[in-house]
Structure formats: C-alpha cells, structure tokens
Amino acid sequence: MNEKYFHIFGIAITFIGLAFVSFLYVSEPRSLAEVSTKGQVVFGTYAIDKAEFERGLASFYKDEFPAARAAFDRADPEKRDAKIQFYTAYSFYRQGWGRFSNDDTLFMSGIAAVNNVIALDPDFRTADETLIMKTPFDVKNEMEEGLKITASDFNPLRLTRERK
C-alpha cells in the first residue's frame, strides 16, 4: 500500500478524534448515557419521551407532584421542551400552595422552572383546559406573590381561597 494513503488515513483519524473530544468538551456529559442525549441536541434530533410525559401528566392530575416531576424529568432530560417545563413549574406551584402559607422552597424551584419556560418560548400558552393559569407569566406572578408577606396574608378570608 502506498505511504501517502497511510498519512491521509492518519490525518483523517486525528481530525475525527479531535472532533469527538471537542464535542465532549462542549457538551459536558456527566455520564456515558448522557453522551447520546447531548448528541441528539447538537444534531437537532432531540425528542421527548412521550410515554414518560403521559405518566407525568397522569401523576400531575392525581396530585402526585413529586412523581409527576420525576416523570417529566425522564421525558425531557435536557429541559428543552416548553410544555413539559410548564407542567413542572405548575406542579411546584400546586405542591407548594397552601391555605395558611406557601412553601417558599417549592415556589423558588417553580420560579426557576418557569423562567426556563420563558427562555425556551416566551409566547408559550397551554391548551390544557383543566389549568386555570395558561401562561408561564401567570404562574410566575402567582408564585412571586406567594413569596411576599403582605397584610392580606393575615386576612381570615384567605382560608376560603382556591388553588389555581
């Protein structure tokens, strides 16, 4: 075989290896399994796991919010789908909401999730008729108001309010 072909083959292998190492450096996968998901994002073939999303919705409607969020995380591990992230934020709201007081930790996590929805799709609006709040801005506003301590927090009529 000609020596020239060995040189070309060696240069090609070097560039392929360099491209792979660069991909790993840029995508920063935490495990070998994550390499495949990161590759899908880079090449534009990323898709959610619809079965896990349906499991998450079923748990969400049964008020099993930690289980719903776990299923949503499995359905969208890269957190790139606005609809799934909206349901995640809404689940933080519903779990953290209380008649007497709200869970600030859950509300802060919910605000982080809803900020992700706004970053992904600022014009997002859910088509789910069972939800009262339809946009991420509605959910964010409700959670930010829930974090504030105001005089209305001490109003006894507050006990009659309904969760959205």
Side-chain angles (χ1 to χ4, degrees), residues 23 26-164:
F23 164 73
V26 169
S27 64
E28 298 177 0
R30 290 183 290 275
S31 69
L32 194 56
E34 225 178 79
V35 171
S36 138
T37 305
K38 297 277 187 178
Q40 290 173 347
V41 170
V42 168
F43 296 115
T45 60
Y46 181 75
I48 64 166
D49 183 344
K50 293 186 187 299
E52 283 297 329
F53 176 63
E54 293 300 324
R55 283 188 203 101
L57 279 180
S59 297
F60 179 83
Y61 291 129
K62 291 185 223 171
D63 290 344
E64 297 169 355
F65 301 115
R69 283 192 300 274
F72 292 148
D73 282 342
R74 289 188 302 272
D76 184 23
E78 289 296 313
K79 299 185 182 351
R80 295 191 175 270
D81 186 81
K83 183 176 183 180
I84 292 176
Q85 296 309 305
F86 180 77
Y87 277 103
T88 300
Y90 214 115
S91 72
F92 278 118
Y93 165 74
R94 284 199 171 171
Q95 185 180 2
W97 183 88
R99 289 200 189 279
F100 297 109
S101 67
N102 298 316
D103 187 324
D104 291 349
T105 306
L106 288 171
F107 271 30
M108 293 300 290
S109 298
I111 289 172
V114 83
N115 284 337
N116 189 23
V117 175
I118 293 168
L120 290 169
D121 184 4
D123 299 324
F124 178 81
R125 184 172 185 80
T126 186
D128 191 338
E129 295 300 321
T130 63
L131 301 179
I132 295 171
M133 297 182 285
K134 301 290 186 189
T135 68
F137 296 104
D138 296 339
V139 177
K140 183 176 182 177
N141 183 49
E142 190 71 24
M143 286 191 279
E144 286 175 343
E145 290 298 317
L147 290 173
K148 296 177 185 174
I149 297 176
T150 61
S152 66
D153 290 341
F154 303 105
N155 184 349
L157 294 177
R158 179 183 167 126
L159 299 175
T160 61
R161 70 187 178 120
E162 295 294 322
R163 180 179 74 180
K164 294 182 182 179

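Throughout, numbering of the chain's residues begins at 1 and tracks the sequence.
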**OP:** Measure across G110 and A89 and return the closest heavy-atom pair with its distance rounded to 0.1 Å.
**Re:** O-CB, 3.7 Å
Original post:
From Q85 CD over to D76 CG, what is the distance, rounded to the nearest 0.5 angstrom?
Top reply: 5.0 Å
Original post:
Hey, mind stepping through T126 and Y87 against side chain to side chain contact (heavy atoms under 4.5 Å, CB included) and telling me if it holds?
Top reply: CA-CA 9 Å; T126 186; Y87 277 103; 4.1 Å; yes
Original post:
Hey, what do you get for CE (M143) to CE (M133), rounding to the nearest 0.5 Å?
Top reply: 7.0 Å
**OP:** Apply side chain to side chain contact (heavy atoms under 4.5 Å, CB included) to D81 and L120, showing your working.
**Re:** CA-CA 7 Å; D81 186 81; L120 290 169; 6.0 Å; no
Original post:
Are any non-hydrogen side-chain atoms of R69 and Q95 less than 4.5 angstrom apart?
Top reply: yes
Original post:
Mind checking what makes side chain to side chain contact (heavy atoms under 4.5 Å, CB included) contact with D103, not counting sequence neighbours?
Top reply: T105, L106
Original post:
Quick one: does R74's side chain get under 4.5 Å of D49's, heavy atoms only?
Top reply: no
Original post:
Do Y93 and D138 touch side chain to side chain, with heavy atoms closer than 4.5 Å?
Top reply: no
Original post:
Mind checking whether E129 and K134 have side chains closer than 4.5 Å, heavy atoms only?
Top reply: yes
**OP:** Would you give the length of the straight line joining atom CG of N116 to atom NZ of K79, rounded to the nearest 0.5 angstrom?
**Re:** 8.0 Å
Subject >> Shortest non-hydrogen separation from N102 to W97 and the atoms involved >> reply: OD1-CA, 3.5 Å
Original post:
Do the charged groups of K83 and D121 touch, with an N to O distance under 4.0 Å?
Top reply: no
**OP:** Could you tell me whether the side chain of F72 reaches within less than 4.5 Å of the side chain of I48, counting heavy atoms only?
**Re:** no
Subject >> Pairs meeting criterion ring-ring contact (aromatic ring centres under 6.0 Å, His included) with involvement of residues 113-138, two or more places apart >> reply: F86-F124
Original post:
Is the side chain of D73 donor-acceptor paired with the backbone N or O of P77 at a distance under 3.5 Å, no angle test?
Top reply: no
**OP:** Compare every heavy atom of F53 with every heavy atom of I84, then report the nearest pair and how far apart it is.
**Re:** CG1-CD1, 3.4 Å
Original post:
Shortest non-hydrogen contact from E52 to A75?
Top reply: CB-CB, 3.7 Å
**OP:** Using the side-chain contact (heavy atoms from CB on, under 4.5 Å) rule, pick out the option among N141, V139, T88, T135 that qualifies with V114.
**Re:** V139
**OP:** State, to 0.1 Å, how close I118 and K140 come at their nearest heavy-atom pair, and which atoms those are.
**Re:** CD1-CD, 4.1 Å
Original post:
Run the side chain to side chain contact (heavy atoms under 4.5 Å, CB included) check on V117 and Y90 step by step: do they pass?
Top reply: CA-CA 11 Å; V117 175; Y90 214 115; over 6 Å; no
Original post:
Ring centroid separation for F60 and F65, is it under 6.0 angstrom?
Top reply: yes
Subject >> Atom of T130, atom of R94 and distance for their closest heavy-atom approach >> reply: O-NH2, 4.1 Å
